[in-house]
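In what follows, a structure is listed as structure tokens, so that the remarks can point back to it.
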Amino acid sequence: QVQLVESGGGLVQPGGSLRLSCAASGSIFIINAMGWYRQAPGKERELVARISSFGISHYADSVKGRFTISRDNAKNTVYLQMNSLKPEDTAVYYCNVDALTSSGHSTGWGQGTQVTVSS
């Protein structure tokens, strides 16, 4: 099992910024990718951004140009810098990791961190 601990959520005004962090732990041999998903009230969970272990990133169209995903491979940590936040960004954000561990292929999820964008 891969364990993920998230931090950095909070309440910000529209146009503000937040930086989310997610640290992975466990018997990890290879991290294939790490990413961020979010689930807004009344909506399905959606992919926000993903990044491979070697730095290739993918973003949802709704956040392109505003969010930046990055990672520190040495720390097994992924970050999400969120700028120009909009009310529609309000959601619970979940970190995800796809990895090979001592028990085989594993997908882990963070506990979720609330991001609220409101004036």
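When all heavy atoms of Glu6 and Gly112 are compared, the pair lying nearest together is OE2-N, 3.2 Å. Between Leu18 and Gly8, the shortest heavy-atom contact is CD2-O, 3.7 Å. The two atoms that bring Tyr79 and Ser21 nearest to each other are CD2-OG, 3.2 Å, heavy atoms only. Looking at every heavy atom in both residues, Leu100 comes nearest to His105 through CD2-CA, 3.8 Å. Minimum interatomic distance between Met34 and Cys22 (heavy atoms only, all atoms of both residues): CE-O, 4.1 Å. Scanning both residues, Ser119 and Pro14, for their nearest heavy atoms gives N-CD, 3.7 Å.
Here the OG-CD distance, from Ser102 to Gln1, works out to 9.5 Å after rounding to the nearest 0.5 Å. Atom OG of Ser57 and atom CZ of Arg50 lie 11.5 Å apart (nearest 0.5 Å). Here the OG1-CG distance, from Thr116 to Leu85, works out to 10.5 Å after rounding to the nearest 0.5 Å. Separation of atoms CG (Asn76) and CD1 (Ile31) is listed at 3.5 Å; rounding is to 0.5 Å.
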Please walk me through it: do Thr101 and Ser103 pass side chain to side chain donor-acceptor pair (under 3.5 Å)?
CA-CA 5 Å; Thr101 70; Ser103 60; 3.1 Å; yes
Please evaluate residues Val2 and Ile28 with respect to the criterion side-chain contact (heavy atoms from CB on, under 4.5 Å), reporting the C-alpha separation (whole Å), side-chain torsions for both, the decisive distance (0.1 Å), and the verdict.
CA-CA 7 Å; Val2 178; Ile28 301 171; 4.1 Å; yes
Run the side-chain contact (heavy atoms from CB on, under 4.5 Å) check on Leu47 and His58 step by step: do they pass?
CA-CA 9 Å; Leu47 173 67; His58 170 80; 3.5 Å; yes
Between Val115 and Leu20, is the side-chain contact (heavy atoms from CB on, under 4.5 Å) condition met? List the steps.
CA-CA 9 Å; Val115 172; Leu20 306 183; 4.1 Å; yes
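Considering only residues two or more places apart in sequence or on other chains, Gln81 meets the side-chain contact (heavy atoms from CB on, under 4.5 Å) condition with Ser17, Arg19, Thr68, Asn83.
A donor-acceptor contact shorter than 3.5 Å links the side chain of Asn96 to the backbone of Gly108. Put simply, the side chain of Thr90 gets close to the backbone of Val117: a donor and an acceptor are under 3.5 Å apart.
Within 6.0 Å of the CD atom in Gln111, the count of heavy atoms belonging to other residues, nucleotides or ligands exceeds 12.
No continuous path of hydrophobic side-chain contacts links Tyr37 to Val63 [ILVMFWY only; heavy atoms under 4.5 Å]. In the hydrophobic clustering of ILVMFWY residues, with side-chain heavy atoms under 4.5 Å counting as a link, Trp36 and Trp109 come out apart. Hydrophobic clustering keeps Tyr94 apart from Tyr59 (ILVMFWY residues linked when any side-chain heavy atoms are closer than 4.5 Å, directly or through intermediates). Residue Val48 is not grouped with residue Val92 when hydrophobic side chains (ILVMFWY) are merged at heavy-atom distances under 4.5 angstrom, including chains of intermediate members.
Taking a cutoff of 4.0 Å between a charged side-chain nitrogen and a carboxylate oxygen, Lys86 and Asp89 do not qualify as a salt bridge.
Residues Glu46 and Arg38 meet the side-chain proximity criterion, which asks for heavy atoms closer than 4.5 Å.
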